[in-house]
Amino acid sequence: MSYVFDPAAPVAVPVAGSDQRFPVRRVYCVGRNYAAHAREMGFDPDREPPFFFCKPADAVVPVAEGSTLTLPYPPETANFHYEIELVAAIGRGGADIPVEQALEHVWGYAVGLDMTRRDLQMKMREAGRPWELGKAFDQSGPIGPLHPAASVPDIGRAAIWLQVNGADKQRSDIGKLIWSVAETVSYLSRYFRLEPGDLIYTGTPEGVGPVVRGDRMVGGVDGLGTLSVQVA
């Protein structure tokens with residue numbers, strides 16, 4: 001078999017403390033999964049069923065521990081927002097996964113950023129249209145190294161935070177997720193068969209806001225190291 005052109009290499013996230021890489025298949029993102037963030041976006045944070053949007057796999061940008069990603073300010077926006085998130089990586093496939101077994105399907109966790117062209121997202125939302133222009137653009141998903149789940153047994157109570165130019169902007173803990181990682185995996189698997197290589201960005205806490213050229217974001221989740229990104 002031959003191809004019309006050489007296929008691109010898969011996006012692969014480094015594994016902390018290893019020379020292994022985790023190839024990315026699909027990227028799912030949970031919307032408004034912290035109550036305080038739902039409120040700041042103008043929504044009542046009732047425990048309604050979670051909703052999801054997707055990013056293309058090549059929107060994910062792996063960032064090695066200790067390095068800083070130079071992230072170009074994207075086109076067609078004047079309101080470029082950060083959203084720090086815990087990312088769950090699926091290592092075992094399945095559909096209709098019971099919530100009690102859901103964490104058995106999670107290979108590991110990482111720190112991620114769901115970068116957002118907020119003005120375009122709001123414009124699409126107000127028109128009742130999909131969010132791709134605001135969420136699924138190039139390099140919109142920086143991610144740090146993956147840590148095997150067994151190495152972070154208390155991830156459900158870990159702190160999550162983000163600073164811009166050294167100033168606190170987001171600070172919460174994973175225990176405040178409206179839908180836990182296990183519940184999110186179980187619910188999503190009712191609609192999509194999850195497969196090894198899938199990433200789930202699990203939602204962002206309150207404090208989202210804009211960055212401009214020259215700003216440096218540093219965020220983290222306890223037990224997963226930090227993620228550093230400079231806007232160029």
Quick test of your reading of the model: are [X] and [Y] salt-bridged, counting only N-O distances below 4.0 Å?
X	Y	result
Glu83	Lys135	yes
Arg117	Glu76	no
Asp96	Arg193	no

I'd like to check [X] versus [Y] (side-chain heavy atoms, cut-off strictly below 4.5 Å). Are they in contact?
X	Y	result
Val211	Met217	yes
Pro196	Arg92	no
Val30	Tyr187	no

### Query
Taking only residues two or more places apart in sequence, or in another chain, which ones meet Phe137 in a ring pair (Phe, Tyr, Trp, His ring centres under 6.0 Å)?
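Ring pair (Phe, Tyr, Trp, His ring centres under 6.0 Å) check on Phe137 returns nothing, list empty.
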
### Task
Check which hydrophobic residues are tied to Phe22 through side-chain heavy-atom contacts below 4.5 Å, counting indirect links as well, and list them.
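Members alongside Phe22: Val11, Val13, Val15, Val24, Val27, Val60, Val87, Trp107, Ile143, Leu146, Leu199, Tyr201.
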
With sequence neighbours excluded, residues passing side-chain hydrogen bond (donor to acceptor under 3.5 Å, both in side chains) with [X]:
X	answer
Lys169	none
Asp168	Gln163, Arg171
Gln230	none
His81	Asn79, Arg118

Heavy-atom closest pair, residues [X] and [Y]:
X	Y	answer
Val181	Ala88	CG1-CB, 4.1 Å
Leu86	Ile160	N-CD1, 3.8 Å
Pro98	Ser186	C-OG, 3.9 Å
Ala158	Val221	CB-CG1, 3.9 Å
Leu224	Glu65	O-OE1, 4.4 Å
Ala16	His147	CB-CE1, 3.5 Å

### Query
How about Phe51 and Trp131: are their ring centroids closer than 6.0 Å?
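They qualify: ring centres under 6.0 Å apart.
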
### Task
Ignoring hydrogens and angles, state whether a donor on the side chain of Tyr28 or Arg26 is under 3.5 Å from an acceptor on the partner side chain.
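A donor-acceptor contact under 3.5 Å links the two side chains.
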
### Message
Are more than 12 heavy atoms, taken from residues, nucleotides or ligands other than Glu104, located less than 6.0 Å from that residue's CD atom?
### Response
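Yes, the 6.0 Å shell around CD holds more than 12 heavy atoms from other groups.
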
